[in-house]
Each structure stands twice: as structure tokens, then as C-alpha cells.
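Quick notes on the structure that follows.
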Amino acid sequence: MGEREFAALAGYLTRETGIVVTKHKRQMVSGRLVKRLRALGLRSFKDYCALIEGPDGRGELENMVNALTTNITHFFREPHHFDHLRSRVLEPRAAEQPRRPRMRLWSAGCSTGQEPYSIAMTVAATLHPPGAWDALILATDIDTNVLGRAAAGIYSAEEGETIPETYRRRFLRHVHGEPDRVQISDDIRALIRFRRLNLHQAWPMKGPFDVIFCRNVAIYFDKPTQHRLFNRFADLLVPGGMLYLGHAESLIGLTDRFEMSDKTVYRRR
Ligand SMILES: C[S@@+](CC[C@H](N)C(=O)[O-])C[C@H]1O[C@@H](n2cnc3c(N)ncnc32)[C@H](O)[C@@H]1O
């Protein structure tokens, strides 16, 4: 991949998704897209750029985005966030609104589903009996490949090992005939709606949300995109609603619409 092709493809990616890839990632971009070239029977990145720019470009753009997103995740990543969610959001709400309280949560950039399932298990274990709560989790991602896997809720038993044991016993089932695979239970899956959503474009939903998790997503965006995104989250959160960010992310210098609640957890003012 030459410099010119890299610049063109990186430009498309940023305009479409907000994701910024710097020049030193050229090798990585090339490595991930070479599979697309092979699948399409193209001989060079120049031809690939021509395809993206041509009349059928939109269809291939989705494949390009799927290939270039980074989807690393695991169950109960940064466990202190789930302790915070339980003790600072769910339990106080249960105490103050004992009659079928409504709780709307959003996992923005949910990847293969481990984050929204961790949220759902925390909700189900705290707010019981389940029918006594009007709780729903919206889980969105731009990558159409990961969403299919997320909705199926099937993982290797090894992936399930970071789930606390009590939750594992309660919310995981063995997949019939496949001893090394587990599936998330139906009651947990029923709490989640998986949808494709590009954080860099218009959003169909109006909110409001009580909680937004957007962890290890904005880290790939530049500062002006992060600024816009966090202000849009503030618009959709109820006053006092919580925003959970990844361990290397912060709102400092980006927006004053939140105050800190805990490490990488922010409360909407
Ligand atoms: C590293 S994963 C983080 C998964 C999970 N939130 C976690 O912390 O474990 C980042 C996810 O953000 C998604 N993503 C990147 N840009 C996006 C955009 N513009 N709109 C929606 N999702 C995006 C990627 O597809 C990827 O699945």
C-alpha cells in the first residue's frame, strides 16, 4: 500500500467513522485490508481505492470498516465499573423507586457483546425479581460482523472465565454437544437489544438514558470528535446519569457537562 492509497483510505475511514489512523499504522491497515483485496479478486490497493470511490463504494465501505475496527473486549473488563453500577446506580434507584422503576442503559461500541452482557448480569442480579423492573439495555456497534456474534451470545468456556462464579452458575448454559462452548441464558439476552449504530453520524434514539458505557471506543477518535460525542452523550443522559469510559480515556479539557464520580466514571451535571 503506497502513501497515496493509505492517505485516501484513512481519509474515508475518518470521515465515515471518526476513527483516526496515523501513518505508522500503514502496515496494520494494509495487513487487514489485503484479505478484502483477495476476496474481491483485486490486484492492487489502487484498484481497491477506485472501487471505494466508485458507484459501488458504499457496499465495500462497510466491509472496510469491519476490517479496520479493533474489537478487543472481555467480560467484566474493569470490574470496578460494575461494582459502581450496582452500588451507586442500581441499588439507590431500587431504594428510592420501589415500584417497577425504569432503567435504560446503553453500551455504545459493544463489540462482540461481553460488555452489554456484563451490564445485564449486574442488572439482573441486583434488580430482582426481574419482572419487577422495566430495564432495557441498548447495545450498538458500527461493525456488522461483531453484532451477529454478540446477538448469538455464544462464547468459549475460557472467555466465560472472567465472569464472577455466582453469575456464571446463574447466567451461562452449556451449548448442547459442545463442551467447550457456553451460551448466555435467555433471561439475560432478553434484556438487550443489539443494533448497528455509527457514533459518528445521526442517532435515531431520543433517550433519555440513565447510564451509558462507551469504553475503549473514543480513544480511536480525535479530540474534536470526542468533544462532540461526549456532549451528545450529555444531551441523552438524565441529570445525574452516569457515563463510563475506558481506563485510558478522560473528559478533562473536553466538556464541563460532567463531574467525576469515580475513576473513569462521570456523572452528568
Ligand atoms: C475496543 S472495542 C471496545 C469494546 C467494549 N466497549 C470494551 O471496552 O470492552 C471498540 C468498539 O468500538 C466500535 N466502534 C469504533 N468506531 C465506532 C463508531 N464510529 N460507531 C460505533 N462503534 C464504533 C468498534 O467496532 C469496536 O467494536
Side-chain angles (χ1 to χ4, degrees), residues 9-22 25 28-29 32-33 36 58 61-85 105-122 137-153 155 159-163 184 192-205 209 211-233 236 242-250 263-266:
L9 294 173
Y12 286 122
L13 184 71
T14 305
R15 278 194 295 283
E16 180 69 14
T17 68
I19 297 171
V20 176
V21 280
T22 51
K25 296 254 177 79
M28 181 207 84
V29 169
R32 287 184 181 186
L33 287 183
R36 290 303 311 149
R58 278 292 325 159
L61 197 59
E62 178 179 327
N63 292 322
M64 182 179 113
V65 168
N66 287 356
L68 293 180
T69 49
T70 298
N71 308 116
I72 294 165
T73 185
H74 57 83
F75 288 106
F76 289 88
R77 185 177 197 178
E78 294 169 63
H80 67 101
H81 283 163
F82 300 94
D83 293 339
H84 184 281
L85 175 65
L105 308 97
W106 179 16
S107 166
C110 65
S111 188
T112 38
Q114 289 87 334
E115 179 178 277
Y117 287 126
S118 304
I119 297 170
M121 289 180 201
T122 307
I137 299 156
L138 172 68
T140 64
D141 204 283
I142 195 172
D143 183 337
T144 48
N145 285 342
V146 291
L147 285 171
R149 203 179 153 212
Y155 301 92
E159 283 175 286
E161 275 170 17
T162 56
I163 300 174
I184 309 291
I192 307 178
R193 303 286 178 272
F194 287 102
R195 299 278 183 273
R196 180 176 192 262
L197 182 134
N198 184 348
L199 291 169
H200 199 48
Q201 291 176 356
W203 304 341
M205 65 280 190
F209 289 97
V211 166
I212 298 176
F213 276 65
C214 186
R215 307 184 307 162
N216 311 297
V217 180
I219 197 164
Y220 300 103
F221 302 160
D222 60 17
K223 293 283 172 202
T225 307
Q226 291 181 2
H227 168 81
R228 239 185 353 265
L229 180 67
F230 295 140
N231 282 326
R232 291 172 82 194
F233 284 154
L236 278 197
M242 294 290 178
L243 174 63
Y244 295 81
L245 299 182
H247 64 279
E249 297 163 328
S250 125
K263 207 173 100 200
T264 60
V265 185
Y266 295 85

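Each ligand, and each atom within it, is numbered from 1 in the order the structure gives.
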Near [X], which atoms of ligand 1 are under 4.0 Å from a heavy atom of that residue?
X      : result
Asp143 : 25 (O)
Asn216 : 1 (C), 2 (S), 3 (C), 7 (C), 8 (O), 10 (C)
Asn198 : 18 (C), 19 (N), 20 (N)
Phe221 : 16 (N), 19 (N)
Thr70  : 1 (C), 2 (S), 10 (C), 11 (C), 26 (C)
Leu197 : 20 (N), 21 (C)
Ser111 : 4 (C), 27 (O)
Thr69  : 24 (C), 25 (O)

What residue and heavy atom of the protein are closest to [atom], and at what distance?
atom                    : answer
atom 25 (O) of ligand 1 : Asp141 OD1, 2.6 Å
atom 7 (C) of ligand 1  : Arg77 NH1, 3.2 Å
atom 16 (N) of ligand 1 : Ile19 CD1, 3.6 Å

>> With ring-ring contact (aromatic ring centres under 6.0 Å, His included) as the test, pick out the partner of Trp106 among Phe194, Tyr244, Trp203, Phe213.
In response: Trp203
Determine whether a donor-acceptor pair (N or O, by modelled atom type, separation under 3.5 Å) exists between the side chain of [X] and the backbone of [Y].
X      : Y      : result
Arg215 : Leu245 : no
Glu249 : Asn216 : yes
Glu115 : Thr73  : no

>> Testing Asn63, Val29, Ile19 one by one against Leu68 for a side chain to side chain contact (heavy atoms under 4.5 Å, CB included), which residue passes?
In response: Val29
> Going by atom types only, do Thr144 and Asn66 share a side-chain donor-acceptor pair under 3.5 Å?
Replying inline: yes
> So Arg58 and Leu61, side-chain contact (heavy atoms from CB on, under 4.5 Å) or not? Walk me through it.
Replying inline: CA-CA 5 Å; Arg58 278 292 325 159; Leu61 197 59; 3.6 Å; yes
> Please walk me through it: do His80 and His84 pass side-chain contact (heavy atoms from CB on, under 4.5 Å)?
Replying inline: CA-CA 6 Å; His80 67 101; His84 184 281; 5.9 Å; no
Between [X] and ligand 1, is there a nitrogen or oxygen pair with a distance under 3.5 Å?
X      : answer
Arg215 : yes
Glu115 : yes
Leu199 : yes
Gly109 : yes
Thr17  : yes

> How about Phe75 and Tyr155: are their ring centroids closer than 6.0 Å?
Replying inline: yes
> So His200 and Phe221, would you call those rings parallel, tilted or perpendicular, with 30° and 60° as cut-offs?
Replying inline: tilted
>> Quick test of your reading of the structure: of Asn66, Thr73, Ile72, Ile142, whose heavy atom lies closest to atom 9 (O) of ligand 1?
In response: Thr73
> Quick one: CG on Asn71 to CZ on Arg149, what's the gap to the nearest 0.5 Å?
Replying inline: 10.0 Å
